[in-house]
Every structure is written in structure tokens, then in C-alpha cells.
Amino acid sequence: MAVKRLQNKVAEGRYVLPVVAAYALGIWYLGGLVEQKLYVQLAFLVVSTYLMVELNNSNALIRIYSRMVSCSFLILNCITSFLFPSLRIALLSLCFITFYTVIFHTYQDKQSPGLTFYAFLCIGLASLAFVQVLFFVPFLWLVMAFYLMAFSHRMFWASIIGITLPYWFLFPLSLFKGNLNMLASHFLQIAQFEPLFQYQQLNGNHVISLLFIITLYVIGSIHYLRNSYLDKIRTRMLHFTFMIMGALTLLFIILQPQHMEPLLCILTINTSPLIAHFLALTHTRATNIMFCVLTISALILTIVNLWIPLSIS
């Protein structure tokens, strides 16, 4: 019988999510919840966290009782406190999590155009906040085809209608206001893939947060690749989806670091289930030490990003 260490007691605790939620609320207060009136952004986070709980529950991402998926998401959200004021990133996060929550229900079902429509409607809404999210669409189709095994011509057209639906309403509105240039400039952003490698636009807080989340992504991915055989096939496919999307997001960040903040949000969403699986299902002394080190590091990074602006000279 595996020894239950501090790591496992925390991962399996029934009161961990309320404690982490209270901690997150405190960090948001310190991050300007009242002063900057970030109530809408916080409401989006609350709904996103609930959807992360639902994502875990409905898909059995972790084969034991654990709230580590949503807790990991909240902790990583607290680390990136410089994203708190951004309403567009809050919307992007909510839409991307909702996309996963809906699209995973199409697993091995090629006759679910309704679910596909609603899932890709979320991508369409996300593109209003960050149009470059449309770069992920071809890869999402590949994920549906090879990992969810739920792609067909009906699903394809349902996804197209879902993505474009927000613009069916936005175009007449822009036409009525005589401001078509705004809509045109919005779409032109996706064609402006250059300049590449603009790392001078990043600050130290961006870099240390990115490096920490990359570390978690790598740890979680390696762990899952080594232990995926213990999960059901469906669970494996979903975790492989997180790994693929996380890798694509990292590549996007490397090529266009000027979009670091929205991409960091997407990377956080894909990393949370992977590191949660590692924390909940490992039992060795080494992983327990790693859990303590990662927890302390997360606290230190949160403090640094709240109160210590870092620059890259």
C-alpha cells in the first residue's frame, strides 16, 4: 500500500478547494480587486474555476477523488496576477475552458454537430478578445479527428458556423455604426504574423511566470507519458490533447512573444490538468519534496508578481 505523504493528503483533501479559493480571493484583493473594481474579471474566474471542476468530474481526468485540477488552475491564476485587470484575458480563459468542457462530450461521437457548434462558438467568442486564437482552429480539428475521434463533414461545418456566428452579429452592428474599419483591422491582425521573436517586449515578471509554468507543463507531461497506461483510453486521449495544445501554445509564444499574456492564459489552462495528475497520483519521497518546492515557489512568485516589478536589461 502506497504511503500517504503530505502531497497526497493535500491532493485528496475535501477542503482543499475551499481553502485555495479563499487564498485566491485574498490574492485578488491584494491585486486590486476593490481599487481597480475587478469584479467582472473575478466573476469570470469563478465561472472558469467551476468549469474546471466540471471538466475534471465529467471526464475523470484523475482516477481518484481530487480537486487538484481546479486548485492548480487557481494557483497558477494567482501567480499571473498581472493578468487580473484584463477583461479580454478573463473572457479568453472562460471561453477556452468552456470549449474543452463541451467538445470532450463528443468523444467517439461523429453525430454531435450541436455540441460541436456550441464548442466552436466559444472559440469564435474568444477570437473577439484575441483574434490569433483562430490559429489553433486547424489543430483543434486534428484533435477532434485523431484524439476525440469525432470529426466528420457535419462536425466541420458545425464548427465553421460556430466560429463565425459572433461575427454575423458584429458585422451588422459595425455597418450600422459606420465603423467597418474596426472590424477589418480586427481580422488584419491575424495576417500580421511578423515581426517574430520580439522578446524585448517582455518584462521579468512575464519571464519568471512563463518559466515556472513551462516547468510544470514539462513535469506533468513527462509523468503522464510514463504512466498513461494506467488510465482508460478516453482519459489518455484527453490528456494528450492538453499536451498537444500546450506544446502548440509554447511554440506560439516562442514565435510571437508579443502575445505572451493571452497565450500564457491558454498555457495555464492546458498545464493545470497535467500537473494536477502528477500531484494527485505520485507517492514517492522525491515527488513529495517536489510538491513542497513547487508550492513554496508558487507562493514566492505570487508575492513577486504582486509587489516587485522586474525588468530585463
Side-chain angles (χ1 to χ4, degrees), residues 11 48 51-64 66-73 76 92-93 95-110 112 115-116 118-120 122-123 126 133-152 155-156 159 210 213-255 263-282 287:
S48 297
L51 288 174
M52 290 297 279
V53 173
E54 181 61 26
L55 186 68
N56 178 37
N57 291 345
S58 60
N59 296 288
L61 296 178
I62 300 177
R63 58 183 179 271
I64 61 172
S66 178
R67 296 296 185 206
M68 286 308 293
V69 173
S70 47
C71 290
S72 298
F73 173 72
L76 294 182
L92 175 64
S93 178
C95 289
F96 221 91
I97 295 170
T98 307
F99 168 80
Y100 278 149
T101 304
V102 176
I103 202 65
F104 285 172
H105 286 293
T106 67
Y107 179 75
Q108 288 189 337
D109 184 359
K110 297 182 180 181
S112 299
L115 288 175
T116 303
Y118 289 120
F120 280 89
C122 296
I123 299 298
V133 78
L134 296 176
F135 282 125
F136 289 107
V137 170
F139 300 102
L140 294 175
W141 287 332
L142 291 175
V143 164
M144 288 184 66
F146 294 103
Y147 289 100
L148 301 183
M149 292 164 280
F151 197 63
S152 65
M155 306 289 261
F156 170 78
S159 67
L210 175 63
I213 294 175
I214 289 175
T215 300
L216 299 185
Y217 169 79
V218 171
I219 291 171
S221 297
I222 292 174
H223 158 76
Y224 200 79
L225 288 172
R226 293 182 60 191
N227 297 278
S228 60
Y229 67 93
L230 296 172
D231 280 328
K232 296 179 180 179
I233 294 176
R234 184 179 188 275
T235 307
R236 290 182 224 167
M237 296 299 103
L238 303 188
H239 278 279
F240 290 154
T241 296
F242 295 132
M243 281 189 272
I244 293 295
M245 295 306 298
L248 289 170
T249 306
L250 283 174
L251 178 61
F252 200 161
I253 292 173
I254 292 170
L255 293 176
L263 291 172
L264 194 59
C265 157
I266 296 173
L267 182 61
T268 294
I269 293 167
N270 287 289
T271 299
S272 297
L274 296 172
I275 193 62
H277 194 281
F278 167 79
L279 295 175
L281 295 173
T282 52
T287 60

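Not measured: the values here are computed from a predicted model.
In this structure a side-chain-to-backbone donor-acceptor pair under 3.5 Å is present from Y217 to A247. Proximity of a side-chain donor or acceptor of S66 to a complementary backbone N or O of A11 within less than 3.5 Å is detected.
For the pair Y107/M149, a side-chain contact is recorded, criterion being any heavy-atom separation below 4.5 Å from C-beta on. Proximity of L230 to L281: side-chain heavy atoms (C-beta onward) are nowhere separated by under 4.5 Å. Within the 4.5 Å cutoff, the side chain of F96 has heavy atoms near those of the M245 side chain. Taking the side chain as every heavy atom from C-beta outward, P273 and N56 never approach each other to under 4.5 Å. Here the side chains of I266 and F136 are in contact, with some heavy-atom distance below 4.5 Å. For the pair F240 and L225, the minimum side-chain heavy-atom distance is below 4.5 Å. Within the 4.5 Å cutoff, no side-chain heavy atoms of T116 are placed close to those of F156. Residues Y224 and F278 fail the side-chain proximity criterion, which asks for heavy atoms closer than 4.5 Å.
To the nearest 0.5 Å, the span separating OG on S48 from CG on L55 amounts to 11.5 Å. Note that the OG1 atom of T98 and the CG atom of L51 stand 4.5 Å from one another [nearest 0.5 Å]. Summarising the geometry, atom CD1 belonging to I213 is positioned 5.0 Å from atom CG belonging to L76; distances are rounded to the nearest 0.5 Å. Atom CG in L264 sits 6.0 Å away from atom CG in L267 (nearest 0.5 Å). A distance of 11.0 Å separates OG1 in T249 from CD1 in I254, rounded to the nearest 0.5 Å. Here CD1 of I214 is found 12.0 Å from CD1 of I219. Values are rounded to the nearest 0.5 Å.
Evaluation of the salt bridge (Lys or Arg N to Asp or Glu O under 4.0 Å) test over residues 223-240, restricted to residues two or more places apart or in two chains, returns R63-D231. Every pair passing side chain to side chain donor-acceptor pair (under 3.5 Å) that includes a residue from residues 263-274 is listed here, sequence neighbours excluded: Y100-N270.
Counting all heavy atoms, side chain and backbone alike, A126 lies closest to L92 at CB-CD1, 3.7 Å. Across all non-hydrogen atoms, the minimal contact from T235 to N59 is OG1-O, 4.0 Å. What you find for Q108 and A150 is that their closest heavy atoms are N-CB, 4.2 Å. Counting all heavy atoms, side chain and backbone alike, T106 lies closest to M155 at CB-CE, 4.2 Å.
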Side-chain donor-acceptor distances from residues 140-148 under 3.5 Å, at least two apart:
unit_1	atom_1	unit_2	atom_2	d
W141	NE1	S159	OG	3.0

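The side-chain hydrogen bond (donor to acceptor under 3.5 Å, both in side chains) check on S112 picks up D109, with sequence neighbours excluded. Every side-chain hydrogen bond (donor to acceptor under 3.5 Å, both in side chains) that H223 has, sequence neighbours left out, goes to N227, H277. In this view, A276 and I62, M68, V69, S72 satisfy the side-chain contact (heavy atoms from CB on, under 4.5 Å) rule, not counting sequence neighbours.
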